[in-house]
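The structure displayed is predicted, hence computed values, not measured ones. For the single chain, residues carry numbers from 1 onward in sequence order. Values below: all heavy atoms of this structure, side chains included; hydrogens, waters and symmetry mates excluded.
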Amino acid sequence: MARVCLILGRSMMWKRCVFGLLFALLFAGGAHAASLADPSKVVRTVFEASDDGFDMVRTQNYYSGWVADAIFETLLTYDYLARPAKLVPNTAEAMPTVSEGGKTYTFRIKPGIYFTPDPAFKGQRRELTAHDYIYAIKRLMDPANRSPSAGFVEGKIAGLDALAAVAKKSGRFDYDAPVAGLQAPDRYTLRIRLNAADTNFPFVLAYGGLAAVAREVIEAYGIQSGQHPVGTGPYLLKQYVPRSKIVLEANPDYRGFIWDFKPSGDPEDAQIVKDMQGKRMPQVGRVEISIVEEEQSRWLAFQEGKIDFDKLPQLAAPEVLDGDRLKPEFAAQGLRLVRMIEPEVTYSIFNFRDPVTGGFGREKIALRRAIAMAYSVADEIALLRRGQASKAHMIVPAGVAGHDADYRSSIAYEPELANRLLDRFAYQRGADGYRSLPDGKPLLLKIHTEASASSKVVSEIWKRGLDKIGLRAEFIVSNFADNVKAATECKLMMWGGAWHADFPEGENFVQLLYGPNAGRGNHGCYQSPVYDALYRKAVALPPGEARNQLYAQMSRQMEADTAWSLHVSRVRNWLVRPWVMGFKKHPILQSDWQYIDLKKR
């Protein structure tokens, strides 16, 4: 349009030129609105563990997802302030039209949404279409991707499993093959037909693994696509130093949005709305993320003013908190405390394919049960969490539909009973005090962990407890990303993990122990016919009391087999600098940089 203005020059056509320029800007809508983001507004934050790239079809890494959610976009997302969590349209124009008794979802995608320019597009401006979501969903089922998130769609979409089955036989997934349950009647209409009604499916569509990706980009970068994320979201990847630093910049091709969220009843919402209402987002032009695994280092960096907001390191909780409030000296700094109980569970897995910890023989179950009874959750809460956690009793945590506040685990810290159990099943003590397997062979537990201070505390708790019951353990230290990769291959005998809600319903947690998900979230590769039957029965029911009762039965079955040693649900205390406006941690959303603003310091 600028060229047209120059041609018209000083003629009487200048009014047409100005009008045309304005029309072009309006026609572009929000496509370049993100240019309003201020490059001088820089958020500095930290991750406590490393990512493993940003292709969310190939990973379930929490920190990968945190970044990917700012780059890629799902059809639906969550209202920033609403509690409990509430779905809202994202790239879709509205919530879906639901038909066929809940089996068919039809979306209309907003026109004029564009991917960030990339060489893969060969100089063409690339618009988001319904086919990009179809491609993204198909990628989850491509056997070559070994997607840990395949369980989100496996068995659900009409015709998709059949296509995957053909690919397993042929060694090639045909992305051009039609799938009855994935249709695009036109460029902007997406129709998804399920095999059976599924009330949780809209939550699935808000999960980052189903965000739109461009086929040209994935095919151009192949297995390196995780290091070259190209999306339509508010930020783009500017710099990436694996396991060290991530820098995001506001995406100049992002359409932007007006901050317009309503208070949810939280007294702090009023100030957030006052600070943010009516602003065109994003405001923050740059996000700098450092990977700092050591809590002490993160805490020192925060105290030195190098971090704008961060989870309060657990080791600093006694210094900073007076119950659920900031101590006066920290409140006097203008810091704001954002406190929430995470919708999560932490646990240790037992590998059911491992010759030592695996199997369903009575002696194997006895060994796992004894190990679980040797771990002191109370010590973890006191020594590691500094009181900022509560014992997890069931698979489904508080804050997630299906949680039973009255449920109590049958596994407690009872080392004396654990010793009697091991004696009964012939795990004999040697002269050195350590036990052997019932066949007399050496018994060595290999517990995989990370190098962080918090992981060391957990290892110490394990060591004390296992010594009390005569079990020798070796603690194998690696980094988080490598442990995740090994866990997806069912190679870790024991490993400590955590699962944060991808959506606020119990299915998201009980699927972690579903047999067909072995290696895909089910990192212990637990495969129990009884548990699997309960799972299938539960997900066939609508949310409600009948489904919740099955979740409780599944927790009991997990305990009977001792597939996990359940640990805690953490309380997260976010410390926010006074110049950060609009920050409120969402229970499901990870990326929040596009919802906040910064004052001049």
Side-chain angles (χ1 to χ4, degrees), residues 45-49 60-66 69 78-86 203 206-208 264 266 268 293 295 298 309-317 320-321 323-324 336-349 377 380-405 407 409 450 452 454-455 457-458 480 484 496-512 521 551 555 564-576 583-592 595:
T45 189
V46 292
F47 285 170
E48 58 192 317
Q60 285 180 327
N61 182 300
Y62 179 78
Y63 304 96
S64 295
W66 205 332
D69 282 357
Y78 291 89
D79 184 299
Y80 182 60
L81 291 186
R83 305 292 187 275
K86 175 187 174 184
F203 289 122
Y207 172 62
S264 66
D266 185 334
E268 293 197 359
E293 296 186 351
E295 283 195 327
R298 290 205 329 273
F309 57 88
D310 186 24
K311 295 187 289 283
L312 174 66
Q314 295 162 136
L315 62 81
V320 176
L321 299 179
D324 59 358
R336 187 162 65 91
L337 177 66
V338 178
R339 183 177 170 89
M340 65 176 288
I341 298 175
E342 292 275 18
E344 64 153 17
V345 290
T346 67
Y347 48 85
S348 289
I349 63 164
V377 173
E380 177 179 335
I381 293 172
L383 301 176
L384 174 58
R385 311 300 178 188
R386 307 299 175 104
Q388 303 301 303
S390 59
K391 177 177 172 57
H393 283 276
M394 70 180 297
I395 300 170
V396 182
V400 174
H403 174 74
D404 181 354
Y407 184 101
S409 172
E450 287 79 45
S452 65
S454 59
S455 295
V457 173
V458 171
F480 178 71
V484 170
W499 191 266
H500 184 282
D502 296 311
F503 57 85
E505 209 281 333
E507 180 189 348
N508 186 232
F509 287 83
V510 296
Q511 58 91 21
L512 296 172
Y551 289 161
S555 281
W564 282 354
S565 172
L566 267 176
H567 295 183
V568 304
S569 293
R570 291 169 286 190
V571 175
R572 291 296 198 188
N573 298 282
W574 289 81
L575 291 184
V576 185
F583 180 87
K584 181 177 182 178
K585 197 61 189 172
H586 193 276
I588 309 296
L589 283 174
Q590 292 169 278
S591 171
D592 37 39
Y595 299 104

Taking atom [atom1] of [X] and atom [atom2] of [Y], what is their separation to the nearest 0.5 Å?
X	Y	atom1	atom2	value
S455	E293	OG	CD	8.0 Å
I588	K86	CD1	NZ	15.5 Å
Y347	W564	OH	CH2	4.5 Å
Y207	D502	OH	CG	5.0 Å

Taking the side chain as every heavy atom from C-beta outward, state whether [X] and [Y] have any atom pair closer than 4.5 Å.
X	Y	answer
F47	Y62	no
M340	V571	no
L312	L321	yes
H393	L566	no

Derivation and outcome, side chain to side chain contact (heavy atoms under 4.5 Å, CB included), residues D79 and L81: CA-CA 6 Å; D79 184 299; L81 291 186; 4.0 Å; yes
Passing candidate, side-chain hydrogen bond (donor to acceptor under 3.5 Å, both in side chains) with E342, options R570, K585, H500: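 Among R570, K585, H500, the one that satisfies the side-chain hydrogen bond (donor to acceptor under 3.5 Å, both in side chains) with E342 is H500.
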Donor-acceptor under 3.5 Å ([X] side chain, [Y] main chain):
X	Y	answer
S555	I395	yes
S569	P397	no
H567	T346	no

For residues [X] and [Y], report the shortest heavy-atom separation together with the two atoms involved.
X	Y	value
R336	F583	NH2-O, 2.5 Å
V400	P504	CG1-C, 3.7 Å
G208	D69	CA-OD1, 3.9 Å

Parallel, tilted or perpendicular: ring planes of F309 versus W574, cut at 30 and 60 degrees: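 Ring orientation, 0 to 90° scale: tilted.
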Side chain to side chain donor-acceptor pair (under 3.5 Å) against Y551, all qualifying residues, sequence neighbours excluded: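 Result, side chain to side chain donor-acceptor pair (under 3.5 Å) vs Y551: E505, R547.
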Counterpart residues, side chain to side chain donor-acceptor pair (under 3.5 Å), relative to T45 (two or more places apart):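 For T45, no residue satisfies side chain to side chain donor-acceptor pair (under 3.5 Å) once neighbours in sequence are set aside.
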Audit row: L337, L575, side chain to side chain contact (heavy atoms under 4.5 Å, CB included) steps and yes/no: CA-CA 5 Å; L337 177 66; L575 291 184; 4.1 Å; yes
Greater than 12 external heavy atoms within 6.0 Å of I381's CD1: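 Check passes, neighbour count above 12.
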Sub-6.0 Å ring centroid separation between Y80 and H586: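 Centroid distance Y80-H586: not below 6.0 Å, so no.
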Does one side chain, of [X] or [Y], offer a donor that lies under 3.5 Å from an acceptor on the other?
X	Y	value
Q388	R339	yes
R386	Q314	no
W499	N508	yes

L384 and V458: CA distance, side-chain angles, deciding distance, side chain to side chain contact (heavy atoms under 4.5 Å, CB included) verdict: CA-CA 8 Å; L384 174 58; V458 171; 3.6 Å; yes
Salt bridge flag under 4.0 Å for residues D266 and R83: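 Looking at D266 and R83, the cut-off is not met.
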Residues E268 and K584 bridged, charged N to O under 4.0 Å: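 No, E268 and K584 are not salt-bridged.
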Full working for side chain to side chain contact (heavy atoms under 4.5 Å, CB included) between N61 and F480: CA-CA 9 Å; N61 182 300; F480 178 71; 3.4 Å; yes
Residue list, salt bridge (Lys or Arg N to Asp or Glu O under 4.0 Å) with K311, at least two apart or on another chain: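 Once residues adjacent in sequence are excluded, the partners of K311 under the salt bridge (Lys or Arg N to Asp or Glu O under 4.0 Å) criterion are E48.
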